[in-house]
Visitor: 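Shown below is the structure under consideration.
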Amino acid sequence: MSMREFIETVTTALARSTVDAKRLFHGRGQCYPGFEHITVDRYGDVLWLTLFRAPEESFLTQLEQGLCPQLAGHGIFALGVSHRYQQGAPSEWLWQRPAFEPEAQRYAQRGQLRFAIQLGGRQNTGFFLDMEPGRQWLEQRAQGKRVLNLFAYTCAFSVVAAAAGAAEVVNVDMARGALKTGQKNQQLNAQLGPSSRCKQRYLAENILKSWGRIRRPGPYDILIIDPPSYQKGS
């Protein structure tokens with residue numbers, strides 16, 4: 001794949017997208033030779049590009065010249081780049097329109113649902129777009145069910161389950177900060193449909209050491225296990 005073809009692929013996907021958060025280019029799916037280290041996501045008025053290895057020296061210059069002039073016409077106000085291959089995953093705004101506020105709180109939109117995200121400053125935004133098929137699967141099955149969400153992180157699965165009519169969701173993650181974001185996400189959507197009737201619990205536990213406390217609120221009808229690809233000590 002050439003740089004021109006990459007830009008055409010992204011702009012075509014962008015033209016078909018809405019303000020809903022969506023992955024536009026998934027190079028890690030191994031379908032685009034030479035671009036396997038790149039993903040491109042849309043979060044409302046932001047285009048977010050993640051690099052999983054160092055790009056060629058001219059890559060960002062070509063991207064700025066070839067892609068950025070087309071973004072305003074698709075409702076995009078800024079293009080951000082995350083350098084995941086570097087320590088601390090630093091990020092930068094490659095392009096932005098004058099009215100853009102880079103420090104403003106941003107959200108991933110999914111239909112009527114909203115999820116607080118952080119663009120820059122951490123490795124992940126807090127909302128994993130490649131897990132959308134899993135969220136759709138859960139949405140079809142959660143009504144009236146008791147759900148256990150392990151490795152819940154910012155609790156996106158739980159918000160979807162609650163909106164789909166789940167009776168109760170138990171969120172478990174050892175990261176208290178992530179669970180606080182999960183509570184914020186639930187509050188953002190608490191008034192939508194059945195969400196207000198869903199009982200939510202948040203357990204800041206090490207799943208590998210606290211199984212007794214996790215089992216206690218059970219039994220559960222649906223179990224979600226979406227662990228990190230690598231967790232020291234596991």
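The basis for the numbers below is simple: all heavy atoms, side chains too, and nothing from hydrogens, waters or symmetry mates. Heads up: numbering here begins at 1 and tracks the sequence.
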Visitor: Is Leu51 linked to Trp48 within one hydrophobic cluster, defined over Ile, Leu, Val, Met, Phe, Trp and Tyr using a side-chain heavy-atom separation of less than 4.5 Å?
Guide: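 No, because Leu51 and Trp48 fall into different hydrophobic clusters, even though each may have its own neighbours under 4.5 Å.
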Visitor: Would the number of heavy atoms belonging to other residues, nucleotides or ligands and lying under 6.0 Å from CD of Gln86 be above 12?
Guide: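 Buried by this count: over 12 neighbours within 6.0 Å.
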Visitor: Mind checking the OH-CG spacing from Tyr153 to Leu179? Nearest 0.5 Å is all I need.
Guide: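 Rounded to the nearest 0.5 Å, the OH-CG separation comes to 11.0 Å.
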Visitor: Can you confirm whether more than 12 heavy atoms, excluding those of Gln105, are under 6.0 Å from its CD atom?
Guide: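 It does: Gln105 CD has more than 12 such atoms within range.
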Visitor: Nearest heavy-atom pair of Ala152 and Asn171: which atoms, and what distance?
Guide: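 So the minimum-distance heavy-atom pair works out to CB-CB, 3.9 Å.
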Visitor: Does NZ or CZ of Arg135 fall inside the cone over Phe127's six-membered ring, less than 6.0 Å from its centre and within 45° of the axis?
Guide: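 The answer is yes; both the distance and angle limits are met.
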Visitor: Hey, does the side chain of Arg114 reach the backbone of Arg110 with a donor-acceptor pair shorter than 3.5 angstrom?
Guide: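 No.
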Visitor: To check you understand the geometry: which heavy-atom pair defines the closest contact between Arg213 and Leu203, and what is its length?
Guide: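 Nearest pair, atom of Arg213 first, then Leu203: O-CD1, 4.1 Å.
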Visitor: Less than 4.5 Å apart, side chain to side chain, heavy atoms only: is that true for Met3 and Phe59?
Guide: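 With C-beta onward as the side chain, the pair touches.
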Visitor: For Gln30 and Glu36, what are the C-alpha separation, side-chain angles and deciding distance, and is it a side chain to side chain donor-acceptor pair (under 3.5 Å)?
Guide: CA-CA 6 Å; Gln30 308 299 313; Glu36 296 90 345; over 6 Å; no
Visitor: Look at the side chain of Arg146 and the backbone N and O of Pro219, then say whether any donor-acceptor pair between them is shorter than 3.5 Å.
Guide: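 Checked: pair present.
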Visitor: Quick check with a 6.0 Å cut-off and a 45 degree axis cone: is Arg28 positioned over the face of Phe52's six-membered ring?
Guide: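 Cation-pi check for Arg28 and Phe52: passes.
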Visitor: Can you name the nearest heavy-atom pair linking Phe157 to Met131, along with the distance?
Guide: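 Heavy atoms of Phe157 and Met131 come nearest at CZ-CE, 3.7 Å.
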Visitor: Is the count of non-hydrogen atoms from other residues, nucleotides or ligands lying under 6.0 Å from Gln112 atom CD greater than 12?
Guide: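 No, CD of Gln112 has 12 or fewer neighbouring heavy atoms, counting only those of other groups under 6.0 Å.
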Visitor: Can you label the angle between the Phe35 ring and the His37 ring as parallel, tilted or perpendicular, going by 30° and 60°?
Guide: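 Parallel.
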Visitor: Tell me if the aromatic rings of Phe25 and Phe6 count as close, with their centers under 6.0 Å from one another.
Guide: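 Ring-ring flag for Phe25/Phe6: true, centres closer than 6.0 Å.
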Visitor: With a 4.5 Å cut-off on side-chain heavy atoms, are Leu67 and Leu47 touching?
Guide: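 In contact.
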Visitor: Compare every heavy atom of Trp95 with every heavy atom of Cys68, then report the nearest pair and how far apart it is.
Guide: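 Taking Cys68 first and Trp95 second, the nearest heavy atoms are SG-CB, 3.5 Å.
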Visitor: Can any side-chain N or O of Asn149 pair as donor or acceptor with the backbone N or O of Val172 at less than 3.5 Å?
Guide: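 Judged by distance alone, no pair lies under 3.5 Å.
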Visitor: Taking atom OG1 of Thr39 and atom CG of Asp41, what is their separation to the nearest 0.5 Å?
Guide: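 If we round to the nearest 0.5 Å, Thr39:OG1 and Asp41:CG are 5.0 Å apart.
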Visitor: If we check side chain to side chain donor-acceptor pair (under 3.5 Å) with Asp45, which of these qualifies: His74, Arg106, Arg97?
Guide: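 Testing Asp45 for a side chain to side chain donor-acceptor pair (under 3.5 Å) against His74, Arg106, Arg97 leaves exactly one candidate, Arg106.
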Visitor: Does this structure show an ion pair linking Arg23 with Glu132, if we count only N-O contacts that are shorter than 4.0 Å?
Guide: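 No, no charged N to carboxylate O under 4.0 Å.
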